[in-house]
Amino acid sequence: MAMLVYLHKEEETATEVRYRFHTDGGAVRHLVLDKQAETILPDDGNTDGVFRTAAGKLAKAWVSGQAPEKLVYQA
């Protein structure tokens, strides 16, 4: 099964970064990267496969210390 997930930075503060994410044609959702705790949590509490994919892509970017404006995951 193919998956395409888009992430777009909405807001960044000194302590966290908020992203919206969605699949092609999927509902728009939000997640928050806590810079100090180095955790990524969904706003809606739903840790389904789409969230895990988005969080994984963001975590890989964050390891390098970056909170990019946009990310795309395709598999």
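Atoms CD and OG1, on E16 and T39 in that order, are 9.5 Å from each other to the nearest 0.5 Å. Taking CG from L31 and CZ from R52, the interatomic distance works out to 13.5 Å, rounded to the nearest 0.5 Å. Annotation: the span from L41 atom CG to L33 atom CG amounts to 9.5 Å, rounded to 0.5 Å. Separation of atoms CZ (R20) and CG (L7) is listed at 10.0 Å; rounding is to 0.5 Å.
Closest approach of T53 to M3, counting heavy atoms only: OG1-SD, 3.3 Å. When every heavy atom of K35 is checked against every heavy atom of A14, the shortest pair comes out as CD-O, 3.5 Å. Closest of all the heavy-atom pairs between F51 and F21 is CA-CE1, 3.8 Å. Minimum interatomic distance between L71 and L58 (heavy atoms only, all atoms of both residues): CD1-CA, 3.8 Å. The nearest pair of heavy atoms linking E69 to Y19 is O-CE2, 4.4 Å. Pairing each heavy atom of V17 with each of K9, the nearest pair is CG1-CG, 3.7 Å.
The hydrophobic clustering, which links ILVMFWY residues whose side-chain heavy atoms are closer than 4.5 Å, places W62 and V5 together.
As a member of the Ile/Leu/Val/Met/Phe/Trp/Tyr network built from side-chain separations under 4.5 Å, V63 groups with nothing else and remains a singleton.
The pair E11-R18 does not count as a salt bridge, with every side-chain nitrogen at least 4.0 angstrom from each carboxylate oxygen.
H22 is listed as a side-chain neighbour of H8, based on a closest heavy-atom distance under 4.5 Å.
The residue from I40, N46, D44 that alone fulfils the side-chain contact (heavy atoms from CB on, under 4.5 Å) condition with P42 is D44.
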